[in-house]
Amino acid sequence: QVQLVESGGGLVQAGGSLRLSCADSGRTFRHYAMGWFRQAPEKEREFVATISWSGGVTYYGDSVKGRFTSSRDNAKNTVYLQMNSLKPEDTAVYYCAAALLATRSISEYDYWGQGTQVTVSS
């Protein structure tokens, strides 16, 4: 089955960059789209980005367009989220998740990682 593990979070200053990774350590023949979501304390989980299995379809949340880029390396079973021009409001726990198709809808994601903390200082 799909087993997702996020990494790459940490503490950065405003304007800095981080690259998050999401590795699928499971054994599956399914070709999943991979999404990124984030959740700050006392707030609902928010859509960040998604990418189809081929990489040909991507969507981004309005708050991160032009700053974040999702990519994937299927040979390594890994998806990346490059985050540039980070703002304090980007502070959250970031989760990766798997769905059959690239979608903004959180309800369509069937598998979730444990999350990685991103903190942006002002």
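These numbers come from a predicted model, not from an experiment. Positions are given from 1 along the sequence.
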Practice prompt. Take the angle between the ring planes of W112 and F37 and call it parallel below 30°, perpendicular above 60°, tilted in between.
Written response: tilted
Worksheet item: If two hydrophobic side chains count as joined below 4.5 Å and joins carry through other members, does Y95 share a cluster with V64?
Response: no
Discussion item. Going by the rule side-chain contact (heavy atoms from CB on, under 4.5 Å), which residues pair with V12 if we only count those two or more places apart in sequence or in a different chain?
Written reply: L18, L86, V120
Worksheet entry | Heavy-atom side-chain proximity of Y60 to S70 below 4.5 angstrom | yes
Worksheet entry | CD-OG1 distance between Q117 and T91, expressed to the nearest 0.5 angstrom | 7.0 Å
Item to complete: With salt bridge (Lys or Arg N to Asp or Glu O under 4.0 Å) as the test, would you mind laying out the steps for K65 and D62 before giving the verdict?
Response: CA-CA 5 Å; K65 286 180 180 177; D62 290 340; 3.1 Å; yes
Worksheet entry | Main-chain N/O of V118 paired with D90 side-chain donor or acceptor, under 3.5 Å | no
Worksheet item: Does R72 reach the main-chain N or O of S52 with its side chain, forming a donor-acceptor pair under 3.5 Å?
Response: yes
Worksheet item: Where is the tightest heavy-atom contact between T116 and G8, given as atom of each residue plus distance?
Response: OG1-N, 4.3 Å
Item to complete: Decide side chain to side chain donor-acceptor pair (under 3.5 Å) for S63 and E89; before the verdict, give the C-alpha distance in whole Å, the side-chain angles of both, and the deciding distance to 0.1 Å.
Response: CA-CA 10 Å; S63 63; E89 47 263 48; over 6 Å; no
Discussion item. On the six-membered ring of Y80, is R19 placed so that its NZ or CZ lies under 6.0 angstrom from the centre and within 45° of the ring axis?
Written reply: yes
Practice prompt. Find the distance between OG (S7) and OH (Y94) and round it off to the nearest 0.5 Å.
Written response: 15.0 Å
Worksheet entry | Under 3.5 Å: donor-acceptor pair, side chain of T50, backbone of M34 | yes
Fill in: Heavy-atom donor-acceptor pair, Y109 side chain to W36 backbone, under 3.5 Å
no
Discussion item. For a quick test of reading the model, state the closest non-hydrogen atom pair linking A92 to R38 and the distance between them.
Written reply: CB-CB, 3.8 Å
Would you be so kind as to tabulate the donor-acceptor pairs closer than 3.5 Å made by side chains of residues 100-107, with sequence neighbours excluded?
from : atom 1 : to   : atom 2 : distance (Å)
T103 : OG1    : S105 : N      : 3.1
S105 : OG     : S107 : OG     : 3.0

Worksheet, complete the sentence: Shortest non-hydrogen pair, P88 vs A14, comes out as CD-CB, 4.1 Å
Discussion item. Working note: Q114 + E6, criterion side-chain contact (heavy atoms from CB on, under 4.5 Å); need CA distance, chi angles, decisive distance, verdict.
Written reply: CA-CA 7 Å; Q114 85 290 346; E6 301 96 335; 2.9 Å; yes
Worksheet item: Does one hydrophobic cluster hold both L20 and V2, with members joined at side-chain heavy-atom distances below 4.5 Å?
Response: yes
Item to complete: Spell out, yes or no, whether Y111 and F47 are grouped together once hydrophobic residues are joined by side-chain heavy atoms under 4.5 Å, including indirect joins.
Response: no
Practice prompt. Would you confirm whether E108, through its side chain, and A99, through its main-chain N or O, come within 3.5 Å as a donor-acceptor pair?
Written response: no
